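A short worksheet on the structure shown next.
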Amino acid sequence: MLKQFYSEIKLAFLENKLAIYLSFFILIFSLVLGYFLEPYLYSYFHPVVDDLTQKVETGVIQLTFADIFLNNIRIICQMFIYGLLFCLSVVLLAYNGFFVGYYAAIQDNLFRVLAFLVPHGIFEMPSCALACASGLVLFNFLIKFLNSYIRQDLTFKDSITNNLDKLRQACLIFIVAVILMIIAGFVEVYLTTNIANFLLGH
């Protein structure tokens, strides 16, 4: 059972590597641009940073595993579902990349920022990229389904059945994204601060 599940995930990654590569490229590219274009992004992201900071300080947002996990799961779920809306998952991924890059750029100590971002970021960033990729695969399924249903004049059921493998692959890639996000949430709450303090010599 587990071996078959692993084989299906491996096949999903192999058959959709273009979507995966594209998502990782968009994430990295937006991170870099967000960092170097910080002066031009100030008016867009500074109010967001202030709002988040205020919510954390007032306790509206609590840095518990549940809160962090639910927020992150909401984001990757949006990336998955937005794939149906003409690949808008790409826009959401790029926005998050720009924001993280901008946030790193406005800090006084880049090493300190990286120390607090990298421990969970090595799981969180790939999770976001894979969630976006799953959204792209979901969009691919939608296009194939519509092509079968409208242009090839197949029944609704047959159109679904003929393209079910693509829908399943989208879900499998998304499951991997969720697993990575669970790990990221755990690391962020229970390990990141300790790792960062160790690296910073505190």
Side-chain angles (χ1 to χ4, degrees), residues 1-35 63 65-104 113-114 116-145 160 163-192 195:
M1 181 70 176
L2 189 61
K3 187 176 181 180
Q4 181 182 356
F5 182 66
Y6 171 77
S7 298
E8 289 187 7
I9 289 179
K10 184 178 179 181
L11 182 63
F13 272 68
L14 287 174
E15 291 193 0
N16 300 284
K17 57 185 178 183
L18 179 60
I20 294 172
Y21 290 155
L22 178 62
S23 297
F24 273 93
F25 173 78
I26 291 170
L27 176 60
I28 295 171
F29 188 67
S30 60
L31 279 168
V32 173
L33 282 183
Y35 183 83
L63 301 180
F65 175 77
D67 285 345
I68 290 174
F69 173 72
L70 289 175
N71 178 68
N72 290 343
I73 285 295
R74 177 182 59 81
I75 292 173
I76 64 173
C77 281
Q78 288 176 336
M79 289 185 188
F80 179 63
I81 296 170
Y82 283 6
L84 293 172
L85 304 175
F86 202 67
C87 298
L88 285 181
S89 48
V90 170
V91 176
L92 186 56
L93 178 66
Y95 175 86
N96 280 275
F98 272 111
F99 179 78
V100 174
Y102 169 83
Y103 181 79
V113 174
L114 292 177
F116 278 95
L117 288 179
V118 170
H120 60 273
I122 58 176
F123 300 103
E124 187 174 309
M125 293 294 103
S127 173
C128 290
L130 289 178
C132 177
S134 69
L136 295 178
V137 178
L138 188 62
F139 181 71
N140 190 9
F141 159 76
L142 178 63
I143 293 299
K144 288 178 177 292
F145 163 75
I160 290 288
N163 300 289
L164 195 60
D165 60 329
K166 196 56 64 176
L167 177 60
R168 182 168 57 248
Q169 288 176 356
C171 293
L172 287 172
I173 295 173
F174 181 69
I175 288 172
V176 175
V178 171
I179 293 172
L180 287 174
M181 194 58 79
I182 292 173
I183 298 173
F186 178 85
V187 172
E188 184 172 1
V189 173
Y190 299 108
L191 298 177
T192 290
I195 294 173

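Computed from a predicted structure; not experimentally measured. Only heavy atoms go into these numbers, but all of them, side chains included; no hydrogens, no water, no symmetry mates.
Considering all non-hydrogen atoms of both residues, Leu136 and Ala19 come closest at CD1-O, 3.9 Å. Between Ser23 and Ala129, the closest heavy-atom pair is CB-O, 3.2 Å. Across all non-hydrogen atoms, the minimal contact from Ala170 to Ser134 is O-CB, 3.3 Å.
Atoms NE2 and CD1, on His120 and Ile68 in that order, are 7.5 Å from each other to the nearest 0.5 Å. Here the OH atom belonging to Tyr6 is positioned 9.0 Å from the CD1 atom belonging to Ile9, to the nearest 0.5 angstrom. Rounding to the nearest 0.5 Å places NZ of Lys3 at 13.5 Å from CD of Glu8. We find the CZ-CG distance between Arg168 and Asp165 to be 6.0 Å, quoted to the nearest 0.5 Å. Note: Leu138 CG to Met79 CE = 14.5 Å, rounded to the nearest 0.5 Å. Rounding to the nearest 0.5 Å gives a distance of 12.0 Å between CG of Leu18 and CZ of Phe25.
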All N/O donor-acceptor pairs, side-chain side in residues 93-103, below 3.5 Å, sequence neighbours left out:
residue : atom : partner : partner atom : Å
Asn96   : ND2  : Leu92   : O            : 2.7

Give the table of side-chain donor-acceptor pairs shorter than 3.5 Å for residues 173-187, with sequence neighbours excluded, one pair per line with atom names and distance.
none

>> Pair Asn16, Lys166 - check side-chain contact (heavy atoms from CB on, under 4.5 Å), show working.
In response: CA-CA 9 Å; Asn16 300 284; Lys166 196 56 64 176; 3.2 Å; yes
> Between Cys171 and Phe80, does a side-chain contact (heavy atoms from CB on, under 4.5 Å) hold up when you go through it step by step?
Replying inline: CA-CA 9 Å; Cys171 293; Phe80 179 63; 4.3 Å; yes
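Counted within 6.0 Å of CG on Leu191, heavy atoms from surrounding residues, nucleotides or ligands total more than 12; the atom is thus considered enclosed.
In this structure the side chain of Leu164 reaches within 4.5 angstrom of the side chain of Ile160, judged on heavy atoms. Side-chain atoms of Phe24 and Leu130, non-hydrogen and from C-beta on, do get closer than 4.5 Å to each other.
Phe29 pairs in a side-chain contact (heavy atoms from CB on, under 4.5 Å) with only one of the listed residues (Leu27, Leu33, Ile26), which is Leu33.
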